[in-house]
Amino acid sequence: MIGSVLLVYNAPADSLPVLFTNAVNTNNSEHIYKLIHKLIEIAHENNYAEGNLWQNFLTHFILSNENVFSLACERKKLNESSLKFLALNDFALFMKLFHIHHDNMKIIENFIGIQEFYSPICEFSKLLASSKTPDEFYEYVTDFYRDYGVGIFAFNKAFRLSSSNNRLIPVQNKNVGDMKLNDIVGYEIQKGELISNTEAFISGKPANNVLLYGDGGTGKSTSVKALLNEYYSKGLRVIEIYKHQFKEILKLTETLRRRNYKFIIFIDDLSFEENESDYKYLKAIIEGGIEARPENILIYATSNRRHIIREVWSDRDDMEHNGDIHRSDTVEEKLSLASRFGIAINYSSPTRKMYHEIVLNLAKKSGLNFDKEKLLAGADRWEMRHGGKTGRAARQYIDYLLGMEQKNL
């Protein structure tokens, strides 16, 4: 039984590595076929359905297994310890598992599947399979942990918090897109502020929570995605949460503070109506609780409102017969949420010149063949019917033209 031999990597008795090796050792062909079917499903779900699926699966198991050894490697705090001796015993066993063989396994030893995008697991499994000694195997694995980390954070850029069980759900990298800051036309001052703060954060220097506010469709959320693509290789990860999940942030930060990554907790389209009180909870989370915010976590939020919480004219009256005695205190309390963000960056609607530059830039990147004057005249007509001059309107206009196969050009 594998489970009784592995000392660091947990392999329960009902796990696929144990079931598969037992089926091979007992020559249970029927059971092997069932497990091969399961192995193919897992490989496609995790996008490593190429090459030797058994070795790919073991590689994924090793690189995803969060244990005291792998987490110590990620934090670069292993040095020489008893954990290394225990891990070497496990890796000696893994080397044997990598090369088990049964006639029924031929189909998965050189598998050609349908790859949606390239997975580094396929290539890394070949490297592990080439190991001649447990020490060599050990070096390959620990180098990966130190460079990329372990578990879901090693393979994914962005995450959401599940509404049902508050677990982190990876967003597939292909769905994040490949937008970079240079792809955003204009807003150079705004992008510069974001870059300076984020680079300070990544390098371990003091950095601020950021509020990006202003008109809709101007690129606030896109800028955060672009930051992720720029600094993912340097350990930046983004976790998006929603207003109804604010009570879970404290639990989330406890999990994240022990990891060797830099996390941006991203809150998109943040706003509160005057009768909502959850903003008080968010104030304490951002800054002001008894426990200091972890140094590897910042909060970036976007909002169409500078002060986030909706005000009414009655808030401006210092005395009110049926409300607060001192309404100015109410105003101050509402404004204090925005002040908790050390940096506030304004994204206003672009000028007509900038709007035209955005349209031309998107048209070129999309491969449209166009007459410049007709393209911009159409863009002007489009923005008047679709919410004004914004990057979003420009993108919608170009998508419309692509869908119409350049009919109007």
(message) With heavy-atom distances below 4.5 Å as the criterion, would you say the side chains of F124 and L63 are in contact?
(response) yes

(message) Any heavy-atom pair between the side chains of D399 and R395 that's under 4.5 Å?
(response) yes

(request) Could you label the plane-to-plane angle of the Y187 and Y347 rings as parallel, tilted or perpendicular, counting under 30° as parallel and over 60° as perpendicular? (result) parallel

(request) Please name the pair of heavy atoms, one in S131 and one in F137, separated by the smallest distance, quoted to 0.1 Å. (result) OG-CA, 3.5 Å

(request) Would you please test D143 and R146 for salt bridge (charged side-chain N to carboxylate O under 4.0 Å, His left out) and show each step? (result) CA-CA 5 Å; D143 283 348; R146 282 190 291 267; 2.6 Å; yes

(request) Apply salt bridge (charged side-chain N to carboxylate O under 4.0 Å, His left out) to the pair D380 and K389, showing each step before the final yes or no. (result) CA-CA 8 Å; D380 289 339; K389 300 181 293 295; over 6 Å; no

(message) Does either side chain, that of T198 or that of Y300, offer a donor lying less than 3.5 Å from an acceptor on the other one?
(response) yes

(message) Show the nearest heavy-atom pair for residues S223 and L212, with the distance to one decimal.
(response) CB-CD2, 4.4 Å

(message) I'd like to know whether K251 forms a salt bridge (charged side-chain N to carboxylate O under 4.0 Å, His left out) with E248, so could you lay out the CA-CA distance, the side-chain angles of the two residues, the decisive distance to 0.1 Å, and finally the verdict.
(response) CA-CA 5 Å; K251 295 178 184 177; E248 307 303 326; 3.7 Å; yes

(message) Please give me the minimum heavy-atom distance between G177 and K157, naming the atom from each residue.
(response) O-NZ, 4.2 Å

(request) Of all the heavy-atom pairs spanning V150 and E74, show the shortest one and how long it is. (result) N-OE1, 3.1 Å

(message) Between E136 (side chain only) and K132 (backbone N and O only), is there a donor and an acceptor less than 3.5 Å apart?
(response) yes

(message) Using a 3.5 Å distance criterion without hydrogens, assess whether the side chain of E383 forms a donor-acceptor pair with backbone atoms of A394.
(response) no

(message) I need the minimum non-hydrogen distance between L194 and L227, along with the two atoms involved.
(response) CD2-CD1, 3.9 Å

(message) Looking at Y138, I'd like to know if the NZ or CZ of K84 sits under 6.0 Å from its six-membered ring centre while staying within 45 degrees of the ring's axis.
(response) yes

(request) Identify the two heavy atoms, one from T142 and one from E139, that lie closest to each other, and give their separation to 0.1 Å. (result) OG1-O, 3.3 Å

